[in-house]
Novice: 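After the structure tokens below, expect a handful of questions from me.
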Amino acid sequence: MIRARSLNDMLQFARGVPVLPAPKGENVVIITGAGGSGVLLSDACVDNGLRLMTMPEDLDAAFRKFIPPFGASGNPVDITGGEPPTTYKNTIRLGLEDDRVHALILGYWHTIITPPMVFAELVGEVVEECRAKGIDKPIVASLVGDVEVERASDYLYERSVVAYPYTTELPVAVLGAKYRWARAAGLL
């Protein structure tokens with residue numbers, strides 16, 4: 001049983017929890033293109049009983065290879081808003097392929113360099129590649145920008161990435177619900 005605090009939460013949990021695979025551990029990593037988003041997503045993790053992974057030195061160094069010097073590794077990983085789509089692709093792939101990372105939270109803010117559908121398509125591509133290798137982790141995304149993020153969120157949801165426009169709290173709440181379910185089911 002998963003407790004929802006509101007009707008909307010109940011409906012979103014009913015929609016999103018079955019889409020997410022069961023996590024295999026407690027380590028959650030945030031990858032974001034905006035520092036403010038990273039802070040809000042981190043706060044939402046605390047509010048939803050999720051554990052932000054303490055970044056191992058080797059993984060931190062691996063993320064640093066892909067982000068600009070003024071970005072921030074650690075957790076959240078802030079790739080900054082001015083980075084090209086390849087930076088998103090490389091950091092998301094790294095998070096998915098590392099066995100110590102059990103779930104990803106993506107924070108996207110609309111930029112000219114990486115428009116919403118470009119972001120959504122590259123996330124879908126990386127997720128599909130990893131699933132073909134047997135890697136299937138829970139991934140949620142927060143997309144902020146103009147109305148284009150609505151279509152991008154729908155695109156991601158169709159590919160089993162639970163994504164919401166205009167909110168940092170809701171995708172993390174759904175991930176938290178999945179974790180509460182997995183703990184109660186004895187999977188963690």
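The model shown is predicted, which means the values in this text are computed figures rather than measured ones.
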Novice: Tell me if a side-chain donor or acceptor on D9 pairs with a main-chain N or O of A173 at a distance below 3.5 Å.
Specialist: no
Novice: Do L104 and L96 come close enough that some side-chain heavy atom pair is under 4.5 Å?
Specialist: yes
Novice: Please report the shortest heavy-atom distance between M55 and G74, naming the atom on each side.
Specialist: CE-O, 2.9 Å
Novice: Hydrophobic clustering (ILVMFWY, side-chain heavy atoms < 4.5 Å, transitive) - are M53 and I30 grouped together?
Specialist: no
Novice: Does a side-chain N-to-carboxylate-O contact under 4.0 Å join K65 and D60?
Specialist: no
Novice: For Y166 and E150, which I'm curious about, is there any donor-acceptor pair between the side chains at under 3.5 Å?
Specialist: yes
Novice: Check this for me: does any side-chain nitrogen of one of R93 and E125 sit under 4.0 Å from a carboxylate oxygen of the other?
Specialist: no
Novice: State, to 0.1 Å, how close D136 and R131 come at their nearest heavy-atom pair, and which atoms those are.
Specialist: OD1-NE, 2.9 Å
Novice: Would you name the heavy atoms of V149 and P116 that are closest together and state the gap between them?
Specialist: CG1-CG, 3.9 Å
Novice: Could you check whether any side-chain N or O of K178 sits under 3.5 Å from a backbone N or O of V17, counting only pairs where one atom can act as donor and the other as acceptor?
Specialist: yes
Novice: Should V127 and L94 be counted in the same cluster of Ile, Leu, Val, Met, Phe, Trp and Tyr side chains packed under 4.5 Å apart?
Specialist: yes
Novice: Quick check: does any side chain N or O of T91 sit under 3.5 Å from a backbone N or O of Y88, one acting as donor and the other as acceptor?
Specialist: yes
Novice: Would you check if there is a donor-acceptor pair between the side chains of E26 and Y179 at a distance under 3.5 Å?
Specialist: no
Novice: Do H110 and E148 come within less than 4.5 Å of each other through their side chains, counting heavy atoms only?
Specialist: yes
Novice: What heavy-atom pair brings A22 and L187 nearest, and what distance separates the two atoms?
Specialist: CB-CD1, 4.0 Å
Novice: Using salt bridge (Lys or Arg N to Asp or Glu O under 4.0 Å), reason through D58 and R100 one step at a time and then give a plain yes or no.
Specialist: CA-CA 11 Å; D58 64 314; R100 296 167 292 183; 2.9 Å; yes
Novice: Check I67 against S73 and note the closest heavy-atom contact, atom names and distance.
Specialist: CD1-N, 3.7 Å
Novice: Quick one: pull up CD in E128 and OG in S160 and give me the separation to the nearest 0.5 Å.
Specialist: 11.0 Å
Novice: Do W109 and V123 sit in one hydrophobic cluster, given that two such residues count as connected whenever their side-chain heavy atoms are within less than 4.5 Å of each other, even indirectly?
Specialist: no
Novice: Side-chain contact, heavy-atom cut-off 4.5 Å: E83 with I113?
Specialist: no
Novice: Looking only at heavy atoms, what is the nearest atom pair of C45 and L52, with distance?
Specialist: SG-CD2, 3.9 Å
Novice: I'd like to know if the side chain of H102 and the backbone of V28 have a donor-acceptor N/O pair within less than 3.5 Å.
Specialist: no
Novice: With a distance cut-off below 6.0 Å to the six-membered ring centre and an angular limit of 45° from the axis, does R64 pair with F66 as a cation-pi contact?
Specialist: no
Novice: Checking S142 side chain against T167 main chain: does a donor-acceptor pair fall under 3.5 Å?
Specialist: yes
Novice: With clusters defined by side-chain heavy atoms of hydrophobic residues (ILVMFWY) lying less than 4.5 Å apart, directly or transitively, does I79 cluster with F119?
Specialist: yes
Novice: Same hydrophobic cluster for L122 and Y155, using side-chain heavy-atom links shorter than 4.5 Å among ILVMFWY?
Specialist: no
Novice: Is there a donor-acceptor contact under 3.5 Å from the side chain of K137 to the main chain of G95?
Specialist: yes
